[in-house]
Amino acid sequence: FEEDVIASGGGFSDPQLVDVLVKSSAYAYNFLETFEGLNLSVVSQCGGHSKPRTHRLPPSPDGKPSPVGWTTVSTLKKFVTSLPAVTL
């Protein structure tokens with residue numbers, strides 16, 4: 001995973017930020033699935049990846065792809081706005 005990220009950065013990747021991404025991605029995935037209820041069970045291999053690792057939502061009942069980005073952002077927005085100290 002780390003090697004893929006560095007390679008895709010074309011020499012511009014900050015090694016410290018790559019390290020944070022690599023070490024934090026499992027926590028972020030678990031947070032989204034466990035605490036926010038997102039079903040990210042579909043794993044695919046995208047361009048530039050040496051192995052399948054992109055987690056996606058299952059297709060909708062009609063077979064169309066589910067919008068994982070929009071769904072993730074909407075779910076996180078609900079979470080953040082539920083916090084008492086946050087006002088948007």
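As the structure is a computational prediction, the values presented were derived from the model and not from experiment. Reckoned from all heavy atoms, side chains included, excluding hydrogens, waters and symmetry mates.
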Please answer: with hydrophobic residues joined when any side-chain heavy atoms are less than 4.5 Å apart, are [X] and [Y] in the same cluster?
X: Tyr29; Y: Leu57; answer: yes
X: Phe35; Y: Val86; answer: yes
X: Val68; Y: Leu38; answer: yes
X: Ile6; Y: Leu17; answer: no

Hey, could you give me the [atom1]/[atom2] distance between [X] and [Y], rounded to the nearest 0.5 Å?
X: Glu2; Y: Ser25; atom1: CD; atom2: OG; answer: 11.0 Å
X: Leu40; Y: Asn30; atom1: CG; atom2: CG; answer: 10.0 Å
X: Lys77; Y: Thr75; atom1: NZ; atom2: OG1; answer: 12.0 Å
X: Asp4; Y: Cys46; atom1: CG; atom2: SG; answer: 11.0 Å
X: Asn39; Y: Glu33; atom1: CG; atom2: CD; answer: 6.0 Å

Is [X] reaching over with its side chain to a backbone N or O of [Y], donor-acceptor style, under 3.5 angstrom?
X: Ser74; Y: Thr71; result: no
X: Glu3; Y: Ala7; result: no
X: Ser24; Y: Leu21; result: no

(message) Lys23: which residues meet the side-chain hydrogen bond (donor to acceptor under 3.5 Å, both in side chains) condition with it, sequence neighbours left out?
(response) Asp19
(message) Is any side-chain heavy atom of Ser41 closer than 4.5 Å to one of Pro58?
(response) yes
(request) On the 0 to 90° scale, with breaks at 30° and 60°, tag the Tyr27-Phe31 ring pair as parallel, tilted or perpendicular. (result) parallel
(message) Please find the pair of heavy atoms, one from Val22 and one from Phe1, that lie closest to each other, and give the distance.
(response) CA-CE2, 3.7 Å
